[in-house]
Amino acid sequence: MATGWADDGAVNDQIRDSVLDEVMRARNCLPDGEGTEYCTSCGELIPEARRKALPGVHLCVECQEEEDREQRPVSLYNRRGSKDSQLR
């Protein structure tokens, strides 16, 4: 398949690298360390089931949802700069 200046496996490499980047970002967002019984944002009791499911959690579900909404989404970009991306 003709891909301009890119190697034959460049598209697959780009997809793999993008997926690995997102997995690492998600892992870095997981709580770690000693969790708390009460939410550090609003002070409400964090349910025991949540504390067991996510050891190290510091926020209740509502505050975590708010924090997730405020996080900037990952910007997707073409890390190889292929000719196809320049045509769009």
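For the pair L54 and R50, the minimum side-chain heavy-atom distance is below 4.5 Å.
By the 6.0 Å contact criterion, CD on E66 is enclosed, its count of non-hydrogen atoms from other residues, nucleotides or ligands being greater than 12.
The main-chain N or O of G35 is never found under 3.5 Å from a side-chain atom of R51 such that the two would form a donor-acceptor pair.
The distance from the CD atom of E37 to the NE2 atom of H58 is 13.5 Å, given to the nearest 0.5 Å. I15 CD1 to L20 CG: the interatomic distance, rounded to the nearest 0.5 Å, is 12.0 Å.
When every heavy atom of C39 is checked against every heavy atom of L59, the shortest pair comes out as SG-CA, 3.8 Å.
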